[in-house]
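Chain letters run A, B, ... following the sequence lines, proteins first and then strands; every chain starts at 1.
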Protein chains: 4
Amino acid sequence: MHAEEPIRPVRAKRLPRAVRERQILDAAVAVFSRLGFHAASMDEISEVAGISKPMLYAYLGSKEDLFATCIRREATLMIEAIGDGVRPGEAPDVQLWCGLRAFFGFVGEHRASWQVLHRQASSQGGPFAQELADMRGRAISLVAALLMHSADSQGVGHASRDTEGLAAALVGAGESLADWWLDHPEESAAAVASRLMNLVWMGFGDLVEGRVWHPPAKG
Amino acid sequence: MHAEEPIRPVRAKRLPRAVRERQILDAAVAVFSRLGFHAASMDEISEVAGISKPMLYAYLGSKEDLFATCIRREATLMIEAIGDGVRPGEAPDVQLWCGLRAFFGFVGEHRASWQVLHRQASSQGGPFAQELADMRGRAISLVAALLMHSADSQGVGHASRDTEGLAAALVGAGESLADWWLDHPEESAAAVASRLMNLVWMGFGDLVEGRVWHPPAKG
Amino acid sequence: MHAEEPIRPVRAKRLPRAVRERQILDAAVAVFSRLGFHAASMDEISEVAGISKPMLYAYLGSKEDLFATCIRREATLMIEAIGDGVRPGEAPDVQLWCGLRAFFGFVGEHRASWQVLHRQASSQGGPFAQELADMRGRAISLVAALLMHSADSQGVGHASRDTEGLAAALVGAGESLADWWLDHPEESAAAVASRLMNLVWMGFGDLVEGRVWHPPAKG
Amino acid sequence: MHAEEPIRPVRAKRLPRAVRERQILDAAVAVFSRLGFHAASMDEISEVAGISKPMLYAYLGSKEDLFATCIRREATLMIEAIGDGVRPGEAPDVQLWCGLRAFFGFVGEHRASWQVLHRQASSQGGPFAQELADMRGRAISLVAALLMHSADSQGVGHASRDTEGLAAALVGAGESLADWWLDHPEESAAAVASRLMNLVWMGFGDLVEGRVWHPPAKG
DNA sequence: GATGAATGAGTCTTCATTCAT
DNA sequence: TATGAATGAAGACTCATTCAT
């Protein structure tokens, strides 16, 4: 653990607290995103961060604290990125598209952040799981509001429940597409966003306008 | 869910191997789905299964082996359930709908199975993650084939890459909707499947027919 | 830790649970009495007991649990020893003497037990400290009752508060004398008990009969 | 208790060494008496003292050094207090009484000091334990000398050994009574001292004059 | 075949102690 | 002088895994 890789963070001694904290959080996000909460060890995190474990604990508390801090930081980053991308005054479809574009942009640029957030969102257990579920719920509600707004503006009244289901589907589609995109990164974030818009927005438009798909008569 | 009514672990001694194995796997799926891979302990699994740990190891090998076996069994069940629901000769949309209906039906009836498969599919690390990713990849390819087939039959040539992305989105949408549905179980599996069809198939149809959504001129 | 002392408890494998438990408790009492609660380490205890730490935890729970169990066992032993020595029907002085004799007898035969009980009774902190304090309190009350009974039988009415203070003094005298005796073990338990009786009982008799000591006029 | 009103750790920089040291020792005594040696942490002590840890170490050395210094200071204080109370020329009983009165007076006014001395005196381990034991031994010898002197002056020759045992008992009685008194502080120090005198001195007088208590003939 | 008993290895966490500024 | 920053070493506790009966 010593002589084996003297290359990494030069064990730069005596950094100011804020810098060290960022350093540690970066390392923690990297390790958590690679291994998940349980499999990640404080030993490895401290090693990657280039500090000793006592510092890790002094700065960021227990493993759970550290993880929560990571998640909060990454979530904030992502929310800000999306918030920055959205144009509040525009039509719902444009807003959604901007949001998606910003989302894919963020995912493309912060793989590790996205993975910590997404991988752990599923993995139940721990107090953060709930927090992440809540966050996801808020995203779904936001999208649902956009859909609703769009439908309303076309004079159609859907039950909100319906809309939430659709929003959940859309969010899931976005997540899944994001993962897929990371493995097939041929397109730009904007292109992927467009793709999802085409799949979903058009279908939603059809729905709103009453063009629906029907299962075959005899099921 | 089937994990919850095994042969009632009466500590019945000297059961035939196959029965014992099923008993153990049922217990393991229950525990894994409740706690996730890492947090689940062999102690708890053996206790829930009503056997001693040495037997657990004798029958199903290491924890990783056991988990892999669980996943394979549940995946097979799910694949079979979907395969049984699909009607090969039908039109692509009907096939897709049947598949979705079968999928939601399975999820509704086998919560634990679904959770082991889905929750852990993300949580990377371990060798099984790859297996699950592969499985998911196959599902995506299958859906992509359906989409392709449908497009072809309408005389349109899309790059397969495009179609795979859409398929990934669709699969993700299905997963997400499934999770959402488990928390809001007001509708039947068929209804949820219809919902997703409406969202996606119509949009796909538009796409195929050239009605596309365009981002606003100045991005 | 392996090759360094292959002599101790022959690592006798596969002992029945009850035996192991006693073995462990004996070791724990030895270590706790030598080092005190905090300085004792579970590592050392398990080593002295000739088992691995997991067994230690499996059998006796956490360090606090283990310590509590030790204390309870030793306290029970001591209480039983004293209870066996006392003759309920006799005169108060005889009862007290019997009790003291039994007490010193126990201390002489179970040095470690006595040290765990006494050393830790003072050392505050932990939940057991309270328990031990209570136990000591009961001993004091018991002695106070004897004194009271004796005084009553001589027709003298003292405030109970007074008597409790005397009893506390007597108990402390006993403890201190016990420690001193362990370092100067020339006499028998009975002789030491007699010594304490002589010091205390006679004085108490004087007190009861009104022969009191007065501080010099001008303090 | 003096530990509770130090120069109010205003983080006043550049204090003369002696003042700083007193400040630190006050804090250390407070913490040690509250938590015991092991549970006390240098972090907490330095915080209570209002200085940084490096200063703590610079001024008073290791934790053990610090503890030893605490004990020595408190012991010295107590010895001085008792020495000041005693009147060398007086009769043995008066001397003893003065000593006891001074002792209880000290305990009443310096709870923390007394607790560090007494609580830790038992908890063996560490080099200070020996020191404390020695100190206690000196107290016992002192008392023994007084008893002896008194006996001599009445023309009775007891083995010193005997007297030392009695002295040990007396000292223990004093300690125990002190603890009890701290929990039932209804009387003045002088009154408690009188109480102990009455219990012990009278008994000792009887002893000296040959009135002894005899165990019952049989058993 | 079945299990109570056993453990090596590892995890999180803290503490006394010391540089480098 | 005074301290924020840093760490080696250890301690409590758990888990996957395997004998010996």
Side-chain angles (χ1 to χ4, degrees), chain A residues 1-2 11-17 19-21 38-46 50-59 61-66, chain B residues 11-17 20 38-46 50-59 61-66, chain C residues 1-2 11-17 19-21 38-46 50-59 61-66, chain D residues 11-17 20 38-46 50-59 61-66:
Chain A
M1 309 271 173
H2 252 222
R11 288 260 167 192
K13 311 253 177 189
R14 315 229 97 234
L15 292 182
R17 176 161 191 140
V19 177
R20 265 282 136 93
E21 250 173 26
H38 271 104
S41 87
M42 294 299 262
D43 264 303
E44 175 155 6
I45 291 173
S46 75
I51 56 157
S52 65
K53 268 197 295 178
M55 279 290 93
L56 190 52
Y57 279 89
Y59 282 152
S62 74
K63 191 184 184 186
E64 287 208 353
D65 290 346
L66 173 58
Chain B
R11 289 255 167 199
K13 316 245 175 188
R14 316 213 132 250
L15 292 180
R17 174 154 192 143
R20 264 281 142 93
H38 272 102
S41 85
M42 295 299 264
D43 263 302
E44 177 157 3
I45 292 173
S46 76
I51 58 159
S52 66
K53 272 197 294 178
M55 279 295 96
L56 187 53
Y57 279 87
Y59 278 133
S62 75
K63 192 185 184 184
E64 288 206 352
D65 291 345
L66 173 58
Chain C
M1 306 274 172
H2 252 221
R11 288 259 167 192
K13 312 251 177 191
R14 318 229 95 237
L15 293 181
R17 176 162 190 138
V19 177
R20 266 281 137 93
E21 249 171 27
H38 271 105
S41 86
M42 294 298 264
D43 265 303
E44 174 155 7
I45 292 174
S46 74
I51 57 159
S52 65
K53 263 196 298 179
M55 279 289 94
L56 191 51
Y57 280 89
Y59 282 150
S62 73
K63 192 184 183 184
E64 286 208 353
D65 289 346
L66 173 58
Chain D
R11 289 253 168 203
K13 316 244 172 186
R14 315 212 131 252
L15 294 179
R17 173 154 193 142
R20 264 280 142 91
H38 272 103
S41 84
M42 294 299 263
D43 262 304
E44 177 157 3
I45 291 173
S46 76
I51 58 158
S52 67
K53 274 197 292 177
M55 280 294 95
L56 187 52
Y57 279 87
Y59 278 131
S62 75
K63 192 185 185 186
E64 288 205 353
D65 291 344
L66 172 58

**Message:** Taking the nucleotide of DNA chain E with the nearest heavy atom to each, does D:Asp43 or D:Pro54 sit closer to the 5' end?
**Reply:** D:Asp43

Please state how far atom [atom1] in [X] lies from atom [atom2] in [N], giving the value in whole angstrom units.
{"X": "C:Lys63", "N": "F:dC13", "atom1": "NZ", "atom2": "P", "result": "8 Å"}
{"X": "C:Tyr57", "N": "E:dG10", "atom1": "OH", "atom2": "P", "result": "18 Å"}
{"X": "A:Glu44", "N": "E:dA9", "atom1": "CD", "atom2": "P", "result": "20 Å"}
{"X": "C:Tyr59", "N": "F:dT14", "atom1": "OH", "atom2": "C1'", "result": "17 Å"}
{"X": "C:Met55", "N": "E:dA6", "atom1": "CE", "atom2": "C1'", "result": "5 Å"}
{"X": "B:Lys53", "N": "E:dA5", "atom1": "NZ", "atom2": "P", "result": "13 Å"}
{"X": "B:Leu56", "N": "F:dC15", "atom1": "CG", "atom2": "P", "result": "15 Å"}
{"X": "D:Glu64", "N": "E:dA16", "atom1": "CD", "atom2": "P", "result": "11 Å"}

**Message:** At 4.0 Å (heavy atoms only), tell me whether C:Met42 reaches a base, stays on the sugar-phosphate, or touches nothing.
**Reply:** sugar-phosphate

**Message:** Over all strands shown, is A:Ala39 touching base, sugar-phosphate only, or nothing at heavy-atom distances under 4.0 angstrom?
**Reply:**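 No contact at all - A:Ala39 keeps every heavy atom at 4.0 Å or more from the nucleic acid.
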
For [X] and [Y], which heavy atoms make the closest approach, and how far apart are they?
{"X": "C:Ser52", "Y": "C:Ser46", "value": "C-CB, 4.1 Å"}
{"X": "A:Leu56", "Y": "A:Met42", "value": "CD2-O, 3.6 Å"}
{"X": "B:His38", "Y": "A:Ala39", "value": "CE1-CB, 3.4 Å"}

**Prompt:** For F:dA5, which nucleotide is its Watson-Crick or G-U wobble mate, given both distances must be under 3.5 Å?
**Reply:** E:dT18

**Message:** Nearest 0.5 angstrom please: C:Leu66 CG to C:Lys63 NZ, how far?
**Reply:** 9.5 Å

**Prompt:** Using a cut-off of less than 4.0 Å, is there contact between a side-chain N or O of D:Arg20 and OP1 or OP2 of F:dT1?
**Reply:** no

